[in-house]
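Sequence positions, counted from 1, serve as the residue numbers for this chain.
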Amino acid sequence: MDMREVETLDTDILENIKIAFYRLWKQKVIVIMITLIGFLATFLYIAKVGISTKYYSGAAIYSVVIGSEEDSSTGVTLMNRYSELFGTPRVCDRAAENLQEFGITSEMLSAMVKNGSIYLSGASSDSKYFGYSIRVITVNNTPAHIVEITNAMANAYADAINDVQQQSSVQVLDEATSYGQYKTINVGKYCLLFTGVAFFLACAVIFLKEFFSTKVYSVAQCEQDKDNVLGMIPYSK
């Protein structure tokens, strides 16, 4: 392919791009309709999934050994590596003892850990990523006793680690005092997402369809090697 053919090919591509954008603009009503469908699909999705309010609370556990750096590092190591203790009967039974007045049992706490309603944040089994602070997080559909559950599980976990080490190297220093809340679905974000995806797909499909179309929309698309075109049948192949 010589330079003249390359230049002709580049001109054809630029002309096709220009025509594709022109045709996209001419079919803007279709784009608007598809975008509107995407916007309405947001509410269908939300209606199917549903919106609920989640409540959360957290407490922080630290290694607080007063003494040698080695003892303090040992406490951090145990606090991270023994994260599998969390959710075991050893921890849940101890936590349930402090929650008897609320009718919360060890089995209920264990189930909450298994379904992710109570979990550890920041724990790592890799010494490169050890955290000096681990948070116990509780997330529930109701705020009832969520603070008490968080503190009971945090203290029970710290006590379990201290039992293993046989010294008080881990303590709950930041107990939960209140709870926050959030919506499971951000309506505004989902509206933007569904609408944006619908708009982009509509534009992309129409643009690509017109770019690769064999129909002729301009004289420039007929001019091969600069031959003169005396006339053309528009919108024909």
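The shortest heavy-atom contact between Ala156 and Val91 is CB-O, 3.4 Å. Closest heavy-atom contact between Asn151 and Ala59: OD1-CB, 3.9 Å. Considering all non-hydrogen atoms of both residues, Ala198 and Thr35 come closest at CB-CA, 4.0 Å. Between Gly103 and Met108, the closest heavy-atom pair is O-SD, 3.7 Å. What you find for Gly87 and Val113 is that their closest heavy atoms are CA-CG1, 3.7 Å.
Side-chain contact between Tyr62 and Ile134 is absent, with no heavy atoms from C-beta onward closer than 4.5 Å. Looking only at side-chain heavy atoms (C-beta outward), Val139 and Tyr119 come within less than 4.5 Å of each other. Using a 4.5 Å cut-off on side-chain heavy atoms (C-beta onward), Thr177 and Val147 make no contact.
Salt bridge status for Lys18 with Glu15: present, with a side-chain N to carboxylate O gap under 4.0 Å.
A tilted orientation is assigned to the rings of Tyr56 and Tyr182, their planes being inclined by 30° to 60°. Taking the six-membered ring where tryptophan is involved, the planes of Phe43 and Phe39 are perpendicular, since the angle between them exceeds 60° and thus also 30°. By the 30° and 60° cut-offs, the orientation of the rings of Tyr45 relative to Tyr190 is parallel.
Using modelled atom types, no side-chain atom of Thr88 and backbone atom of Glu84 make a donor-acceptor pair closer than 3.5 Å. Of the possible donor and acceptor atoms, none in the side chain of Ser121 sits under 3.5 Å from a partner among the backbone N and O of Arg135. Asp174 contributes no side-chain N or O that, together with a main-chain N or O of Ala60, makes up a donor-acceptor pair within less than 3.5 Å.
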Query - side chain to side chain donor-acceptor pair (under 3.5 Å) between Gln171 and Asn162, intermediate numbers included - result: CA-CA 9 Å; Gln171 295 180 25; Asn162 289 331; over 6 Å; no
Report task. Run the numbers on Ser117 and Asn140 for side chain to side chain donor-acceptor pair (under 3.5 Å), then give the verdict. Result -> CA-CA 6 Å; Ser117 296; Asn140 208 353; 5.2 Å; no
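Legend: side chain to side chain donor-acceptor pair (under 3.5 Å) pairs involving residues 24-34, not counting sequence neighbours, sorted by first then second residue: Gln27-Glu210.
Linking ILVMFWY side-chain heavy atoms closer than 4.5 Å, directly or via other members, places Ile34 and Phe199 in a single hydrophobic cluster. Linking ILVMFWY residues whenever their side-chain heavy atoms come closer than 4.5 Å, directly or via other members, leaves Ile146 and Ile104 in distinct clusters.
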